Amino acid sequence: MNSDLAQTIGHQRQDQSDPFGSFRHECETALKAGYSALKKTWEHRLPDLDVALTLEDPPNPTFGQLASSLSFELAKTQKKKPIEVARTLANTTRQLAKLDLIESIEATEPGYINFRANLARLTELTLKSVQRDGSEYGLIKTHAPERTVVEHTSANPARPIHIGTAKGAIFGDALARLLAARGHNVRTHFYIDDAGRQVAIMAYGYKLLGEPTPEGKPDHFVGKIYSVTATLVEIEELKKRLVLLRKTNASDTDLVATTKSLDEWVGIAADLQSKYPQEFDRLNKLISKDPDPEKSISELIRKYEKKDLDTTALMRRVTQIILTGFEETLRRARIRFDQWDWETDLLWTGRVAELVGQLKESGFTFDQGGALELDVAKAVEKFGLRETLGVSPTFEFPPLTLLRSDGTSLYATRDIAYTLYKFENAERVINVIGSEQSLAQFQVKVAFWITGHRKEAEKFIYFPIGHMLLEGQGMSARRGRYVTFDQVLDETLTRARIEVDRRSPSIPEELRQRTAERIAISAVRYAILSVEAIKSTNFVWGKVLNFETNSAAFINYAYTRSSGILRKLGKIAEPKAFNLLTDPVEQELALELSKLPETFAEAADDLNPTLLCLYANLLAQRFHEFYEKSDISHVSNDELKWQRVALVLAVRTVLKTLAGLLGLELAERM
RNA sequence: GGGCCCGUAGUCGAGCCAGGACCAAGACGUGGGCCUUCGGAGCCCAAAAUCGUGGGUUCGAAUCCCACCGGGCCCGCCA
């Protein structure tokens, strides 16, 4: 454990229970006392060590629940064998320790000091804590709450959300949930990139068609128009360029490349035509009437930036249609946003211009053919940022174009202004964005340094999302080789429904559907969250749709089984104590429950929801083991029965907490 | 050419930041068991790993450092 985390745990509020943390604290105190005592008696000087850092999880329960490797460290200076040091240290520590949660302290080969927990006491403490704190159990609050903005998803508003973007949405949403539960003031933002070319193309096509009322899901409807329009316009442009190239006797390589690109687009057009024949033919006719589609589109962009009334109305209208569809999809996935930020608002409010002005004054810009460039490399050297940014001494920072020669801004420029904007009401900003943006995110940081926003530069966190492969291949939006988030949710739901129908035919129809919905959304979210965000994920239908092997179903099943127990019992009573839970499966289960606070704090502070997926899986596993071995409804000893019921209730409480953090939905029956 | 990320059983994937009992968690798949007990979407057992390769640091390396190899991505007056 690092010192930050140790400190975090050490500074926990008194009123928040952390059973395993209390055990850890006892071990630390004992070890510190033992070590100080030893320092006074030994001839060789002992170093000042943070003994808390030497405590670790032993590989298996026979070595206790915590172990210290301190003796290995000391053996060096003492010129003794680690095991000898360990024996002496263990003896001293044992004498000075208050043995409450600690059962025993022993030295073992080759030199560890093992701390065995008093599992009876720990079980009791844990169950009391869960009973007392209820749904707040485990959600220990940070001692340094921060106003935090989490920007995520920010899908291009020109086509439906695909599964790659969905990964960012799910991680971003889980991060926001974790941080909020940790006590931070969290706001989620969606960045609407409406100033770019794609929205203009979409609006262009939409207007040509006479602004039809969407049929079916709005984002799919307008997205279709975008794809067709973009393809047709691109083909027009390539044809024009080819004519020009021939006229000017251009090089063969240029001709070949352009021809090849044209062929590719014609292929894509053929696909689109067969998929959407009506829209394709109509748009094809309409666009061919326009002498210069490219010019029409550029004009839309220019007018929109200037907030021309008619253009603005059109652009906002069509973007809003897409966003309505986005919201519908995101709502299905239990993802919500506090704020939707329009990129064009940054332009209209003058924030982008202001930023460019500041950068110009800094002296780190230069002119290149009328365009304004930011000398990123120079700034990196001037401020000595290589180490701060964690890049090697030979990293070449290319300059960043801030303004085109016609004076209009670029996406990167607006993104810097946007991130600064997010800091206006936050101390920390987390950008959940695809890993391909890493250079761009570096540039944002450098721009912060240049404009004197050093505090912001430190508190600006780039959370990269690794690529999503589709059945082993890269996805391609333009080739139509991608899966939409809606498709994934639909397919998973269909499959979940079949499973529920098969396994629980007695449940009423309406409830079966609701159950299937819960299982489906949980399956998708868990499948994404259980693999670290940075890793590229291979999306395989068979895997997401397989509930028999899916961990979300496994976790839910633990919950369902607990429901079954309670249902069978009918009514329950409070136990007098927790002293009869002595079976290893019971104590292992309680031990797992005792670790929620530490696991949660680490997951939230390290921005690592995957950690909680693993924890949830482990807890479910412990519960299933308990379920197999430990009977409840048939035991004749009532006190034992109610004690076991209390354990079951605690598991249910923690499973619900975990579900809330990860955005899973638990079904009572499945 | 420069850089960033990833590389752990047939497959997927924890552990790496904060080195320690690692003959490496868990899962899928494979082989074998368990339904007169609260729901078998489960439990138990078994086989399966040169931790990409080679050096180095260390009492100790999957973990830190260096080099190399493989895969992905970025280096636009695109977004």
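Chain naming here is simple, since letters A, B, ... match the order of the sequence lines and numbering starts at 1 in each. Here the structure is a predicted model, which is why all the values come from computation and not from measurement.
The side chain of A:Pro58 sits closest to B:A21 out of B:A41, B:C43, B:A21. Ranking B:A79, B:C77, B:G26 by closeness to the A:Ser405 side chain, first place goes to B:C77. Closest approach to the A:Thr401 side chain among B:A21, B:A18, B:C77 is made by B:C77 (side chain taken as heavy atoms from C-beta onward). In this structure, the nucleotide among B:A79, B:C22, B:C5 sitting nearest to the side chain of A:Ile534 is B:C5. Each of B:A21, B:U37, B:A25 was ranked by its minimum atom distance to the side chain of A:Pro59; first place goes to B:A21. Counting only heavy atoms from C-beta on, A:Phe72 has its side chain closest to B:C59 among B:C74, B:A21, B:C59. If you check B:C4, B:A21, B:A14 against the side chain of A:Lys535, the one that comes closest is B:A14. Listed candidates were B:C43, B:C77, B:A21. Nearest to the side chain of A:Phe554 is B:C43.
Note that A:Arg652 lies in the cation-pi zone of A:Tyr559, set by a 6.0 Å cut-off to the ring centre and a 45° limit from the axis.
Under a 4.0 Å N-O distance rule, the pair A:Arg518/A:Glu668 does not qualify as a salt bridge.
Comparing the C1' positions of B:A9 and B:C51 gives an interatomic distance of 10 Å, to the nearest angstrom. When the C1' atom is used for both B:G32 and B:C38, the distance is 28 Å, rounded to whole Å. As rounded to the nearest Å, B:U57 and B:C43 have P atoms that lie 47 Å from one another.
Contacts of A:Asp57 with the nucleic acid, taken as non-hydrogen atoms under 4.0 Å apart, are absent.
Proximity of A:Arg644 to the phosphate of B:C38: no side-chain N or O atom is located under 4.0 Å from OP1 or OP2. In this model, the phosphate group of B:G40 is approached by a side-chain N or O of A:Arg561 to a distance below 4.0 Å at OP1 or OP2. Phosphate proximity of B:A41 to A:Arg503: present, with a side-chain N or O under 4.0 Å from OP1 or OP2.
A:Ser522 places a side-chain N or O within 3.5 Å of a backbone atom of A:Glu665 that can act as its donor or acceptor partner.
Within 6.0 Å of CZ in A:Arg241 there are 12 or fewer heavy atoms belonging to other residues, nucleotides or ligands.
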